[in-house]
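Here's the structure, in structure tokens; my notes come after.
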Amino acid sequence: MMRFAVLGSGSGGNAAIIECGDLRLMVDAGLSAKQLSTRIRLLGLEPSQLDGILLTHEHGDHVRGLRVFLKQFQVPVYATPATARVVKETGIAGGTWKLFEAGNPFAIGDAVIESFAIQHDAVDPVGFVIGHRERRLGLLSDAGFVTRSMSAQLKGLNSLFVEANYDDDLLEADTKRPWSIKQRISSRHGHLSNAQVRDLIQEIAHPGLVRVVLGHLSSDCNSPEVVLRHLRECLDGLGHGLTQLHCARQDEPSQWFGID
Ligand SMILES: [Zn+2]
Ligand SMILES: [Zn+2]
């Protein structure tokens, strides 16, 4: 049995929990340690039950709670060498670090972790595909661009968590952000737009893709209504009306999503 839940997602902090049988993994630790623990408990687990924390990249909204969390709970951290180095420089002493290279699969218990390099303004950002028995969950957050090799990695998934950061029209119309920030967001090393997610889904949708959970929505330049409508139309048009769509929230954990 495999399931996952998003503890929170957005520029204020990101973390998700994946359960594969008895194995429990957290991807990123970007909420405060207190919020991580509170939300893990809201999902019916104890933080001490985690078997590993996988890091996508070193940005604060993905690692903010890690230092304090590791003082409270002895959980091994899995990261690429470059990400581990810069995260440790934020003042993390000790802990158990397990290093992996993007592209080299490894096992944690009976789960297989595949990682792939992504485009983002971080030292060595990665996306993950977590496999358990016949099930595969893809996680892609903070990517400026979807390359062919990334979409190839994400084929055949049963569930996908993907960032849908901004809507092109809403970003264009936003008057609060200076041009330079808009450029950074929409650059090849920034974040994914709704249209980029639509293109990815067109590439990888198949009858076995039960669910897509959208995250990291900008509060000003996107909305659940806009992105859900956009992608619902896309999936229905592809003949995948049964693929479920959800938006993860910043302020509260999602429900558990079964990966079946
Ligand atoms: Zn980032
Ligand atoms: Zn982020």
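Note that this is a predicted model, so its numbers are computed, not measured. Read the numbers this way: they start at 1 and go in the same order the structure lists the ligands and their atoms.
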Handout entry: F4-Y78 co-clustered via ILVMFWY side chain contacts under 4.5 Å
Key = yes

Practice task
Identify which one of H59, H62, H216 satisfies the ring-ring contact (aromatic ring centres under 6.0 Å, His included) criterion when paired with H120.
Solution key: H59

Practice task
Check H216 and report its N/O/S atom nearest to the Zn ion (ligand 2), by atom name.
Solution key: NE2

Completion exercise
Correct closest heavy-atom pair for S151 and L200 would be CB-CD1, 3.8 Å

Practice task
Flag H59 as yes if one of its N/O/S atoms falls below 2.8 Å of the Zn ion (ligand 1), otherwise no.
Solution key: yes

Practice task
Check the pair D174 / Y166 against side-chain contact (heavy atoms from CB on, under 4.5 Å), numbers first and verdict last.
Solution key: CA-CA 11 Å; D174 181 36; Y166 66 96; over 6 Å; no

Exercise for the section: Using the side chain to side chain contact (heavy atoms under 4.5 Å, CB included) rule, pick out the option among D199, L192, V162, I118 that qualifies with V146. Expected result: L192

Handout entry: N, O or S atom of H191 closer to the Zn ion (ligand 1) than 2.8 Å
Key = no

Fill in the blank from the handout: The atom of D142 among N, O or S that is nearest the Zn ion (ligand 2) is OD2

Problem - Heteroatom test (N, O or S) for D61 near the Zn ion (ligand 1), limit 2.8 Å - result: no

Practice task
Starting from the Zn ion (ligand 1), look over the N/O/S atoms of H120 and name the nearest one.
Solution key: NE2

